[in-house]
Amino acid sequence: MEEWKQLLRDGVNNSQQLFERFGIDKDLGDRIAEDFEIRVNAYYLSLIEEPGDAIWKQVIPDERELLDDLSSPEDPLNEEGDSPVPNITHRYPDRVLFLVNHQCPIYCRFCTRKRKVSHPGWWNKETLQLGIDYIRRTPEIRDIIVSGGDPMMLPDHMIDWILKELRAIPHVEVIRIGSRVPCALPQRVTPEMCEIIRQYHPIYVNTHFNHPREVTPEAALACARLADAGVPIGCQTVLMDGVNDDPAVMKELVQKLLRIRVRPYYIYQADLTRGTNYFRTRVEKGLEIIKALRGWTSGLAVPHFVIDAPGGGGKIPLLPEYVVEMNDDEVVLRNYQGKIFRYPQIPPERPVGEQSGNGVAAPVAALLP
Ligand SMILES: *Cc1c(COP(=O)(O)O)cnc(C)c1O
Ligand code: SF4
């Protein structure tokens, strides 16, 4: 058996094993697993150093998952509302989210898609085909985010089939794979899988690391294999209480990611998903983290801090206040050290043609209402 399959088998996969391994009440485990399954593969399990640490919190079920009342939505981003066919969310003009699997290498207790992930009901080859058909008949789609669940948990031949179908659509320019595998089960990134992926470039991978202790030699090897196959790798991190809500931890994480050729892309403010609210932090924390990164370490290492708009509406970036004031004459700016700088503006009343120097000066009066 392949190593990654063995690691999945040898992990904690149900409440009985959770009880045997950690003494967590089996009845509680059963009730939690009814809504969202338990899975910690043996590799990720090996990263836990002690109960309650940043690795543990991400994957070991917690009774607080059951305490969230019904006013927390199951689908806080209204992904179903923007869904023309079962596995697609078409929210932005030129790109779609395409869910191709219900399984993951671990089941993260904070998952925003708990309503679907780990539940096999919605997933089959017919619904996959419906998604592919939708993309084929919708020419404005030029970028596909292939996600789930985790696409890399599919067998090689399924990954090959999905990528081949998508690449055969002329208007599809970019394919992105969203996967936690390079972090949570890096052994799955086999040379064979990389060989498949490289047939369908341009392919991007956005992976998901949340803590510097996840950046191991195994994860480095997985990312090296992908990068050597020509895949640019980004990282989408979720900001979580007690896991990574600390500028020093985040700085170590983003620096370690760059070293394994992973470019930090987003830090997400936690969504409002039912059963995950105990992970939420105040929004100021994310801004504090960005302030602690921008200027203080490589710009390449600084991700965008975003909130996915509740109810659907897309990702909204949040920035610390670098613009102190902006008026007709100048912009007053604050740099990363807090020093103030003044940048003089060109006069607003200067005609468009004169600004660009192209000689087609339009009379300003003619442009005004
Ligand atoms: C995040 C997301 C995307 C991709 O957004 P980018 O900002 O381009 O990375 C596309 N569709 C949906 C529904 C998303 O949630
Ligand atoms: S890997 Fe991603 S989709 Fe899967 S459980 Fe974790 S956060 Fe959810």
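Numbering starts at 1 and runs along the sequence shown. Both counts, for ligands and for their atoms, begin at 1 and track the order of listing.
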Could you pull out every protein residue that has a heavy atom closer than 4.0 Å to ligand 1, ordered by chain and then number?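 Shell around ligand 1 (4.0 Å, heavy atoms): T89, Y92, R95, L97, I145, R176, Y265, Y266, K315.
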Look only at the side chain of D241 and the backbone of T281, and say whether a donor-acceptor pair between them is shorter than 3.5 Å.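 Judged by distance alone, no pair lies under 3.5 Å.
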R263 side chain to L300 backbone, donor-acceptor under 3.5 Å: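 Checked: pair present.
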Geometric cation-pi criterion, K116 with W122: 6.0 Å, 45°: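 Yes, cation above the ring, under 6.0 Å and within 45°.
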With a 4.0 Å cut-off, would you call D156 and R188 a salt bridge?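 Yes.
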Any ion pair linking R109 and E65 (charged N to carboxylate O, less than 4.0 Å)?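 Yes, E65 and R109 are salt-bridged.
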Pair R21, L45 - check side-chain contact (heavy atoms from CB on, under 4.5 Å), show working. CA-CA 11 Å; R21 183 104 195 186; L45 203 56; 3.7 Å; yes
Near atom 6 (Fe) of ligand 2, which protein N/O/S atoms fall under 2.8 Å?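 Near atom 6 (Fe) of ligand 2, below 2.8 Å, one finds C108 SG.
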When you compare the side chains of [X] and [Y], does any donor N or O come within less than 3.5 Å of an acceptor on the partner?
X    : Y    : answer
E214 : N210 : no
T190 : E2   : no
S179 : D150 : yes

